[in-house]
Every structure is written in structure tokens, then in C-alpha cells.
Engineer: 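The following block contains the structure, expressed as C-alpha cells.
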Amino acid sequence: MEKKVLFANIDDPKQPEIDTYISKGGYESWKTVLKKMKAPEVIDTVKKSGLRGRGGAGFPAGMKWSFVPKDSPKPKYLVCNGDESEPGTCKDRVLMEHDPHLVVEGMAIAAFAIGASHAFIYIRGEFDYPACQMRKAIDQAYSKGFLGKNILKSKYNLDMVVHTGGGAYICGEETALLNSLEGKPGQTRIRPPFPAVEGLYACPTVVNNVETLSNVSLIIKNGADWYTSMGTEKSTGTRIFCLSGHVKNPGNYELELGTPMSYLINDLGGGMADGRKMKAIIPGGSSTPILLPDKIDTPLDFESVAAAGSMLGSGGVIVMHEDTDMVWVARTLAHFYMHESCGECTPCRQGTKWIYDTLTRIVSGNGEMEDIDILLDLCDNIEGKTICPLGDAAVVPIKSTILHFRNEYEHYIKNKKPLVENKFMSFI
Amino acid sequence: MALTTESVDAIKKAAARYPHKKSAILPAITIAYRQIGYLYDDLYHEIADAIGVSANEVASAATFYTMFPKKKVGKYLIQVCTNIACGLMGAESLKEYLLNELDVKEGEITEDGLFTVVSVECLGSCTTAPMMQVNQTFYENLNKEKVDKILSELRKQA
């Protein structure tokens with residue numbers, strides 16, 4: 001069953017209007033927090049809900065908030081991460097476009113919980129419409145007195161700003177995002193210090209994903225027990241899955257965590273398009289290892305997908321049919337990571353280029369059998385040797401396609417052509 | 001001065017929203033890019049003056065972020081996502097079709113000055129693939145008929 005919690009009002013075209021949002025009980029949680037709750041209670045409720053980060057890493061949100069030092073004299077900042085750039089992922093965009101006040105209210109509550117008087121939402125630069133929707137929602141929230149000075153006579157002040165990026169995937173990584181928000185190139189910072197201690201402008205900062213924060217007002221409204229009643233013991237609540245690739249009905253579907261992947265792909269997605277057989281699944285965005293069709297019944301929660309040999313990641317489920325050339329898949333993603341490497345760490349900057357060049361040599365018919373080992377060696381020399389996880393992510397599609405489809409590489413090298421020809425939609 | 005008074009005012013207004021004015025560098029670059037269509041060295045000085053930071057700081061950011069073209073492009077910049085989800089749905093063929101229809105090479109400007117086609121990485125439109133972005137607008141779930149219609153409408157608008 002789809003479980004529409006975040007998506008409860010997603011189909012209402014008037015939902016982005018503040019009056020519609022309020023008429024459905026919107027901003028009631030914000031009022032409750034301001035009038036009846038203290039910051040530690042808010043953090044405690046979110047901790048008890050078990051809410052984990054929806055950006056990819058799955059870190060418990062309430063715990064992240066509790067790391068902000070309470071005695072610091074410095075200003076504190078809340079940053080909502082709407083840089084959504086992981087290939088296969090397009091859920092935050094839907095929330096920002098269709099229910100922007102849900103994001104604003106979650107950001108406001110989180111800012112209150114950590115004692116921030118300034119909140120930013122960093123939206124990738126290409127997302128012009130989502131940024132417009134968020135700006136409009138924030139303006140409306142100011143005009144109703146939900147943001148600004150002395151909000152609802154609580155003496156609490158909060159300003160909220162939409163910040164748009166410049167098309168860099170790396171800015172989804174929180175320390176690169178903070179550098180970008182400071183007007184610098186989006187390169188990452190060595191941790192520790194973690195952003196909760198030294199983040200934006202060297203002040204305590206919490207960075208949470210759009211979907212993560214969208215859950216917050218609902219948790220305050222319905223209680224932590226309501227939230228833990230959904231999902232599994234360690235992966236509570238719901239999650240938006242972005243189903244793409246060769247299925248009949250691609251789309252964003254909200255499911256309780258722990259729902260079998262087969263339900264998403266076959267029941268909601270309508271199974272494979274064009275009557276072709278399934279070949280491979282990327283379950284959590286391009287940085288997560290490929291799963292073969294025998295894992296289709298894996299429950300979609302953090303622990304089960306990890307046990308199956310991959311990661312739940314960002315919720316981007318990409319399905320591929322039998323007529324997909326896996327060396328092409330590897331090279332397409334190798335190009336992406338090469339392009340998006342910020343250039344800070346040598347293994348990633350140089351290694352992603354060498355991986356791409358090696359794959360290009362193979363597909364242009366000049367590959368040698370030893371190129372497969374060269375690829376694996378390059379992966380070993382990147383993985384775990386960089387400041388941020390981009391390097392680790394870049395090796396995943398390479399290692400994973402060689403693990404499961406080594407024969408396709410060997411065929412390419414021996415015969416100077418792919419074992420499987422891509423059969424995709426043609427425009428010509 | 002290449003920047004209009006409106007752009008300079010918009011940059012100053014953006015800068016006022018941040019605790020530190022350097023944070024306005026990316027918003028300011030975006031404003032300048034949208035007015036002019038691409039970025040170049042002299043423009044970094046104008047942007048820097050409008051915010052009150054050094055031109056080096058603006059250049060350092062501008063040259064890192066690939067979303068802003070650094071040379072002139074057509075009136076309509078068509079960015080085709082060729083990453084995995086769109087690729088599986090025929091993005092390469094979409095790009096070839098556009099290049100053929102517009103009789104132009106990737107990254108170059110059509111003779112009438114209207115179009116530039118480039119391939120880009122994932123634009124976050126994976127469930128509605130294949131897609132393309134024309135200036136600020138996303139066009140999704142594309143097929144040949146839709147692309148023909150979009151091109152003819154853009155030509156009419158121009």
C-alpha cells in the first residue's frame with residue numbers, strides 16, 4: 001500500500017497556498033511548539049520518533065540536533081538541503097513544488113529546536129520552479145506572522161532565506177554546501193569539527209534534507225508513537241521512493257519503510273515495460289551498488305537493503321531491462337562522477353578521470369583484458385582515500401558492474417563491441 | 001556597465017538577506033547570468049562591486065560552478081540530461097534528434113542565434129525521463145511530437 005503521509009496533499013493544486021495549508025491544520029505544530037514546548041522537548045520527540053536523514057546517510061535527525069552546543073555564544077544556523085542531485089532522485093523537488101509550507105514549517109520547528117534565528121534552504125540552481133515556490137511560501141509565512149520578529153508573541157525571531165546553487169552535485173555534501181553558502185567554491189571540509197560545532201560562518205549549524213524536515217511538523221502534531229507505528233523498528237516512518245528506468249509507471253511513491261521492493265516495482269510501477277526481462281536494479285541512487293533481480297523482494301529499509309548488499313541511499317530506484325549494456329551504465333556514471341568531482345582530493349580528481357578514460361578505451365575497441373584489473377585497482381586507490389564520500393560513490397558503479405557483469409567487459413574487450421546492445425526509446 | 005540598474009539593485013537586495021555579504025556571491029552571479037546569458041571576466045568586477053567583495057572571490061566561485069556558461073550561447077540554451085535515468089529512456093537519441101533538427105553541433109549556436117544544445121548531468125527529473133531544460137524551464141516525459149512542438153513554439157516566441 002502507498003502510505004501518503006508527506007504526500008497526503010500532494011495532488012491538491014491549491015496546497016502551495018498558505019490559506020489552503022492552514023485550513024488543513026498547517027502551522028498548528030509550529031504554534032504548539034512556540035506556545036507550549038521547550039527546545040529539548042522538541043528534540044526529544046524527534047529522537048523518539050526515530051526519524052533518520054532522508055538525504056542518503058540515514059543519520060538520526062534528533063541526535064544531529066542534540067549535538068549543537070547549548071552554551072555556545074555564537075549564532076546558530078539551520079540549513080535545509082535541497083540540492084537534490086543524486087542520479088535517480090527527484091523527491092525533494094516534488095515536496096518543494098507541491099507542498100512548500102510543509103518544508104517551511106519543518107524548517108521553522110528545527111530552527112527553534114537548535115536555537116537558530118536564521119534558516120537557509122539551499123536549492124540546486126537548476127530547480128527554478130521549486131525555488132520560486134519556496135520563496136512564495138516563505139513570503140506568505142512572513143505575512144501571516146509565522147516568520148520574522150517576535151513570532152506569535154513568543155519573543156522568538158526567525159528569518160528564512162532561499163539560496164540557489166550553481167549546478168554542483170558535491171554541494172549536496174553538507175560541508176561543501178556550507179562553503180557554497182558562504183560564497184566559495186563547493187569544496188568539502190575535513191571533519192571534525194562537525195557542522196553542529198563549526199558549520200556556517202564557523203558557527204554551530206545543522207544541515208537536514210528537505211524530506212527529513214518535511215516529517216517534523218507531522219511528528220509534532222501526531223506524536224512520536226504515531227511515527228514509530230509506521231515502518232520497521234530501526235527504520236521508522238515512510239519514505240518517498242523515486243522509481244525510474246524501464247518500468248511501466250515510473251513515479252514518486254511514498255511507502256512505509258520495510259515495504260518489499262517488488263511491491264514498488266511490480267504493483268505500483270506496473271512491472272517491466274515492453275515485456276522485457278529485468279536485468280538489474282540500482283536501489284538508492286547512483287552511488288549504491290547494483291542488485292540483481294533475485295533481490296527484488298528485499299524490504300526497503302536501511303537494514304534490509306544493506307543486508308542485501310547495497311544501500312537505501314536517497315530512495316532513487318532505477319530499474320534496467322535485459323537490453324541494457326552494463327559497460328555503458330558504468331561509463332555513463334563514471335562520466336558523472338568525473339564531472340562532479342570538486343578537484344580537492346587527488347585520488348578522486350585524477351582517479352575518476354582515469355576510470356572514465358579506461359572505460360572509453362574499452363568501448364572504443366582499444367581495451368586490453370588487463371583494463372578490468374586496472375579499473376579495480378583505480379577503485380581501490382580512490383575508495384576511503386578522500387575527504388568526502390564522492391570518491392567512495394564514484395567506485396560503486398564500476399565495482400558493482402564488474403562484480404555482476406564481468407563477462408560483458410570481457411566480451412567488449414575481445415570483440416570490440418558490446419555483448420548486449422542498448423535498446424532504448426528512439427527519437428530518430 | 002553591462003549590468004542594468006535593476007540587476008544591481010536585485011544583487012544589493014539579495015546581499016542584505018545574509019549575515020555575511022560574501023554569501024550573496026552565488027545569488028549575484030545568478031542574477032547577472034540571467035540578465036546577460038553567460039559570464040565573462042569583466043562581469044566579475046561589476047558583480048563584485050555590487051556586493052562589495054573582491055572580483056577574485058566572484059571569479060573563484062563563478063569558474064567552479066558549471067551551471068553558468070562562460071561563453072555566449074543561443075537565446076534558448078537547451079540542456080539535455082544524459083545521465084543514467086534519462087539515458088535508459090533514450091536521452092542520447094533525444095540529443096541527436098535536437099542536433100539534427102537544429103542543424104548545429106553540441107555547444108555551438110544555431111545560425112539564427114536562437115539555440116544551443118548541450119548535454120548535462122542529472123537534473124532531478126528521473127521519474128519523468130527523458131527530459132530537457134530550456135533556459136529555466138523543465139520539459140519532461142519527452143517524445144518526438146512534444147519536442148517538435150516545443151521547438152516550433154520557441155521559434156514563434158523568438
Side-chain angles (χ1 to χ4, degrees), chain A residues 75 77 84-90 92-93 118 120 124-129 159 161 163-169 180-187 201 242-246 250-252 282 286 316 318-321 324 328-329 332-333 335-336 339-340 342-343 397 422 424-428, chain B residues 14 17-30 33 51 53 57-58 60-68 79 81-98 100 120-130 133 135-138 141-144 147:
Chain A
Y77 297 103
E84 189 159 74
S85 308
E86 172 80 5
T89 319
C90 48
D92 297 338
R93 179 185 152 204
H118 235 112
F120 298 91
R124 65 177 296 181
E126 297 91 338
F127 279 0
D128 186 56
Y129 181 58
D159 279 313
V161 177
H163 186 93
T164 53
Y169 168 69
S180 182
L181 191 44
E182 290 180 4
K184 298 171 190 160
Q187 293 187 312
Y201 315 126
C242 319
L243 180 62
S244 68
H246 300 138
N252 290 302
I282 296 178
S286 66
I318 308 167
V319 180
M320 290 165 254
H321 65 43
T324 304
W328 170 84
V329 170
T332 300
L333 291 175
H335 186 274
F336 168 72
H339 184 264
E340 300 301 339
C342 79
N422 281 334
F424 304 153
M425 180 163 73
S426 173
F427 281 74
I428 301 163
Chain B
R17 304 202 70 179
Y18 294 93
H20 298 271
K21 60 188 175 186
K22 266 186 73 174
S23 283
I25 289 177
L26 258 183
I29 289 172
T30 307
Y33 157 63
I51 312 170
V53 297
E57 288 171 314
V58 175
S60 159
T63 51
F64 179 84
Y65 296 98
T66 54
M67 198 183 85
F68 311 106
Q79 305 187 73
C81 169
T82 51
N83 203 301
I84 185 75
C86 283
L88 292 169
M89 301 304 283
E92 280 299 334
S93 160
L94 163 63
K95 188 181 80 183
E96 290 307 314
Y97 182 71
L98 285 165
N100 276 335
V120 292
E121 297 300 349
C122 185
L123 289 173
S125 194
C126 315
T127 57
T128 46
Q133 181 183 350
N135 294 349
Q136 270 35 272
T137 310
F138 278 25
N141 287 313
L142 293 176
N143 54 37
K144 188 177 170 299
V147 173

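Side chains included, hydrogens not; waters and symmetry mates left out as well; all remaining heavy atoms used. So that the names make sense, note that chain A is the first sequence line, chain B the second, and so on, each numbered from 1.
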Engineer: Among A/Ala168, A/Ser180, A/Pro75, A/Gly343, who wins on heavy-atom pairs under 4.5 Å with chain B?
Structural biologist: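 Top count of heavy-atom pairs under 4.5 Å with chain B: A/Ser180.
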
Engineer: Taking side chain as C-beta onward, heavy atoms only, is A/Phe120 less than 4.5 Å from B/Ser23?
Structural biologist: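 Answer no - side chains too far apart.
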
Engineer: Applying the side-chain contact (heavy atoms from CB on, under 4.5 Å) criterion to B/Leu88, which one of A/Thr332, A/Ile318, A/Val319 satisfies it?
Structural biologist: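 By the side-chain contact (heavy atoms from CB on, under 4.5 Å) criterion, B/Leu88 pairs with just one of A/Thr332, A/Ile318, A/Val319: A/Ile318.
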
Engineer: Using non-hydrogen atoms only, which part of B/Thr63 is less than 4.5 Å away from chain A: side chain, backbone, both, or neither?
Structural biologist: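 Neither the backbone nor the side chain of B/Thr63 comes within 4.5 Å of chain A.
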
Engineer: Sort B/Glu96 into side chain, backbone, both or neither according to what part of it lies under 4.5 angstrom from a heavy atom of chain A.
Structural biologist: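 Answer is both: backbone and side chain atoms of B/Glu96 are under 4.5 Å from chain A.
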
Engineer: Given heavy-atom pairs under 4.5 angstrom as the criterion, report whether the side chain, backbone, both or neither of A/Phe336 touches chain B.
Structural biologist: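 The answer is both parts of A/Phe336.
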
Engineer: Return the minimal non-hydrogen interatomic distance between A/Cys90 and B/Ser125, and the atom names on each side.
Structural biologist: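 Smallest heavy-atom distance, with atoms named: CB-N, 4.1 Å.
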
Engineer: Quick one, A/Ser426 and B/Tyr97 - any side-chain contact, counting heavy atoms below 4.5 Å?
Structural biologist: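 A side-chain contact under 4.5 Å is absent here.
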
Engineer: Which atoms of B/Val120 are under 4.5 Å from chain A, going by heavy atoms: the side chain, the backbone, both sets, or neither?
Structural biologist: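 Looking at B/Val120, nothing touches chain A.
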
Engineer: Start with the C-alpha distance between A/Phe427 and B/Leu98, add both sets of side-chain angles, then the distance that settles side-chain contact (heavy atoms from CB on, under 4.5 Å), and finish with yes or no.
Structural biologist: CA-CA 9 Å; A/Phe427 281 74; B/Leu98 285 165; over 6 Å; no

Engineer: Using a 4.5 Å cut-off on heavy atoms from C-beta on, say whether the side chain of A/His246 contacts that of B/Met89.
Structural biologist: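 The answer is yes; the side chains approach within 4.5 Å.
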
Engineer: Is any side-chain heavy atom of B/Met67 less than 4.5 Å from a side-chain heavy atom of A/Glu126?
Structural biologist: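 In short, these two side chains touch, coming nearer than 4.5 Å.
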
Engineer: Counting only heavy atoms closer than 4.5 Å, note whether B/Thr30 contacts chain A via side chain, backbone, both or neither.
Structural biologist: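 Side chain only.
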
Engineer: At a 4.5 Å cut-off on heavy atoms, which part of B/Tyr65 comes close to chain A: side chain, backbone, both, or neither?
Structural biologist: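 Its backbone and side chain both get close to chain A.
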
Engineer: When only pairs under 4.5 Å are counted, which of B/Thr66, B/Leu123, B/Ile25 shares the most heavy-atom pairs with chain A?
Structural biologist: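 Most heavy-atom pairs within the cutoff with chain A belong to B/Leu123.
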
Engineer: Can you measure from CD (A/Glu84) to SG (B/Cys126) and round to the nearest 0.5 angstrom?
Structural biologist: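 Going from the CD atom of A/Glu84 to the SG atom of B/Cys126 covers 8.0 Å.
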
Engineer: On a heavy-atom basis, which atom in A/Trp328 and which in B/Gly87 lie closest, and how many Å separate them?
Structural biologist: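 Minimum heavy-atom contact is CH2-C, 3.6 Å.
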
Engineer: What's the separation between atom CD in A/Glu340 and atom CG in B/Asn83, rounded to the nearest 0.5 Å?
Structural biologist: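 Reported value, rounded in 0.5 Å steps: 9.0 Å.
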
Engineer: Taking side chain as everything from C-beta outward and backbone as N, CA, C, O, which of these in A/His163 sits under 4.5 Å from a heavy atom of chain B? Side chain, backbone, both or neither.
Structural biologist: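 When you check distances to chain B, atoms from both the backbone and side chain of A/His163 fall under 4.5 Å.
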
Engineer: With a 4.5 angstrom heavy-atom cut-off, is it the side chain or the backbone of A/Ile428 that approaches chain B, or both, or neither?
Structural biologist: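 Contact with chain B is through both the backbone and side chain of A/Ile428.
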
Engineer: What residue in A/Gly125, A/Gly183, A/Gly166, A/Pro250 has the most heavy-atom pairs under 4.5 Å with chain B?
Structural biologist: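 The option with the most such pairs is A/Gly166.
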
Engineer: Quick one: what part of A/His335 sits under 4.5 Å from any heavy atom of chain B, side chain, backbone, both or neither?
Structural biologist: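 Interface part for A/His335: both.
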
Engineer: Taking C-beta and beyond as the side chain, do A/Tyr169 and B/Cys122 meet within less than 4.5 Å on heavy atoms?
Structural biologist: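 Not in contact.
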
Engineer: Among B/Ile84, B/Ile51, B/Thr82, who wins on heavy-atom pairs under 4.5 Å with chain A?
Structural biologist: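 Looking at each option in turn, the highest pair count goes to B/Ile84.
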
Engineer: Looking at A/Gly88, A/Cys242, A/Gly186, A/Gly165, which makes the most heavy-atom pairs under 4.5 Å with chain B?
Structural biologist: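 Most heavy-atom pairs within the cutoff with chain B belong to A/Gly186.
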
Engineer: Any idea which of A/Gly245, A/Pro397, A/Cys342, A/Pro185 has the most non-hydrogen atom pairs under 4.5 angstrom with chain B?
Structural biologist: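 If we count pairs closer than 4.5 Å to chain B, A/Pro185 comes out on top.
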
Engineer: By a 4.5 Å heavy-atom criterion (distance strictly below it), what part of B/Phe138 contacts chain A: side chain, backbone, both, or neither?
Structural biologist: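 Only the side chain of B/Phe138 comes within 4.5 Å of chain A.
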
Engineer: Provide the closest heavy-atom pair for A/His118 versus B/Arg17 in the form atom of the first, atom of the second, distance.
Structural biologist: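 Residues A/His118 and B/Arg17, closest heavy atoms: NE2-O, 3.5 Å.
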
Engineer: As an exercise: rank A/Gly251, A/Ser286, A/Gly316, A/Ser85 by heavy-atom pairs under 4.5 Å with chain B and give me the winner.
Structural biologist: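 Max contact count across the listed options: A/Gly251.
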
Engineer: B/Lys22, B/Lys95, B/Lys21: which one forms the most heavy-atom pairs within less than 4.5 Å of chain A?
Structural biologist: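 Between B/Lys22, B/Lys95, B/Lys21, the count favours B/Lys22.
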
Engineer: Below 4.5 Å, heavy-atom pairs only: which of A/Arg124, A/Lys184, A/Met320 has the largest tally toward chain B?
Structural biologist: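 Among A/Arg124, A/Lys184, A/Met320, the one with the most close pairs to chain B is A/Arg124.
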
